[in-house]
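Below is one structure, written out as structure tokens; comments come after it.
Ligands are counted one by one from 1 in listed order, and the atoms in each one are counted from 1 as well.
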Amino acid sequence: MSTPTQSPIQIRRKLIAGNWKMNKTAADGAALTKEIVEQVGRETAVDTVVCPPFTALESVRHVLEGQAVKLGAQNMHAEKNGAFTGEISAEMLRAHYVTHVILGHSERRQYFGETDALVNKKVLAALANELRPILCVGETLAEREGGKTLEVVKTQTEAALAGVKPEQITSVIIAYEPVWAIGTGKVATTAQAQEVHAFIRSLLTALYGAALAQKVRILYGGSMKPANAPELLAQPDIDGGLIGGASLEAKSFVDLVKAAMAAS
Ligand code: 13P
């Protein structure tokens, strides 16, 4: 019997990641995670990641034991250790069984002055420590209105990936998050999102070749909700979502995981 050829969509398992941002105490995070795993804890057709604040990593990790849902952090420092008051290293995250780390989120860039060069250092440090970076890129409203979307996304993506080796690139997850769509209820149209996702994949193709580029997951983030997810997730280059607001309640987050299952 001949093996059916896989379409590019099937090569990439969909991924739904919840970015809780600065929300949930250790106890609240454990309670939310319990509700999530009760419904999708053994689901393996879709990769699911929850990214609590640092202070909830330990309590959430206990709930995730033996479940398919993975643990992510929202940031980390690029250095191994040392005099960096208030910071957390990759090694420290690993000790909490963290597997993913969000890097270069626009809120880090905007409020904490993170530059492309710093994000690049963090990406390299995460990979060196076997953490999967969820690398965020995206334009502001002014940049979109100025016709600079693709230029901004190109600069951010290429800078963040400098020095990432071909054998490492499939461990990287890219999240396209138009800044104007984050927490605003203004979701990018499917056409706007797909255009940028396809563009990011073309950048990856130029850097790493088509075979590897086809394996990299590119998530959409910015007011993604159960109502708009099916259409976004049906796009050929949208491989999942990085979810803010809708990840703070079990029902909406689980519904997003189910939408990704349906689109798989
Ligand atoms: P919202 O889903 O709340 O718009 O946030 C998106 C985001 O920033 C995820 O990282």
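A 4.5 Å side-chain heavy-atom check between L232 and V187 finds at least one atom pair inside the cut-off. The closest side-chain heavy-atom distance from I173 to V49 is not below 4.5 Å.
Salt bridge E130/R94: present, at least one basic N to carboxylate O contact under 4.0 Å. Between R109 and D116 there is a salt bridge, with a side-chain nitrogen of the basic residue lying less than 4.0 Å from a carboxylate oxygen of the acidic one. Ion pairing between a basic and an acidic side chain is recognised when a charged N comes within 4.0 Å of a carboxylate O; D47 and R132 show no such pairing.
A salt bridge (Lys or Arg N to Asp or Glu O under 4.0 Å) with D239 holds for exactly one of R201, K215, R13; it is R201.
Within the listing of ligand 1, atoms 4 (O) sit less than 4.0 angstrom from a heavy atom of A181. Those atoms of ligand 1 that come under 4.0 Å of a heavy atom in E177, given as number and element, are 6 (C), 7 (C), 8 (O), 9 (C), 10 (O). Of all atoms in ligand 1, numbered sequentially from 1 with element shown, those under 4.0 Å from a heavy atom of N19 are 9 (C), 10 (O). Atoms of ligand 1 found under 4.0 Å from any heavy atom of G222, numbered from 1 in the order shown, are 4 (O), 6 (C). Of all atoms in ligand 1, listed by their number and element, those nearer than 4.0 Å to a heavy atom of G183 are 1 (P), 3 (O), 4 (O).
Checked against a 3.5 angstrom limit, the closest N/O atoms of I243 and ligand 1 fall outside it. In terms of N/O distances under 3.5 Å, ligand 1 is not approached by T184. Considering backbone and side-chain atoms alike, G245 places an N or O below 3.5 Å from some N or O of ligand 1. At under 3.5 Å, not a single nitrogen or oxygen of E107, backbone or side chain, sits near a nitrogen or oxygen of ligand 1.
Distances from ligand 1 to the non-hydrogen atoms of A246 include no value under 4.0 Å. Within the structure, ligand 1 lacks K225 among the residues with a heavy atom less than 4.0 angstrom away.
Residues in residues 63-89 take part in these salt bridge (charged side-chain N to carboxylate O under 4.0 Å, His left out) pairs, two or more places apart or across chains: R61-E65, K80-E91.
The ring-ring contact (aromatic ring centres under 6.0 Å, His included) search around F84 returns H77, not counting sequence neighbours.
Regarding atom 2 (O) of ligand 1, its nearest protein heavy-atom neighbour is G244 N, 2.9 Å.
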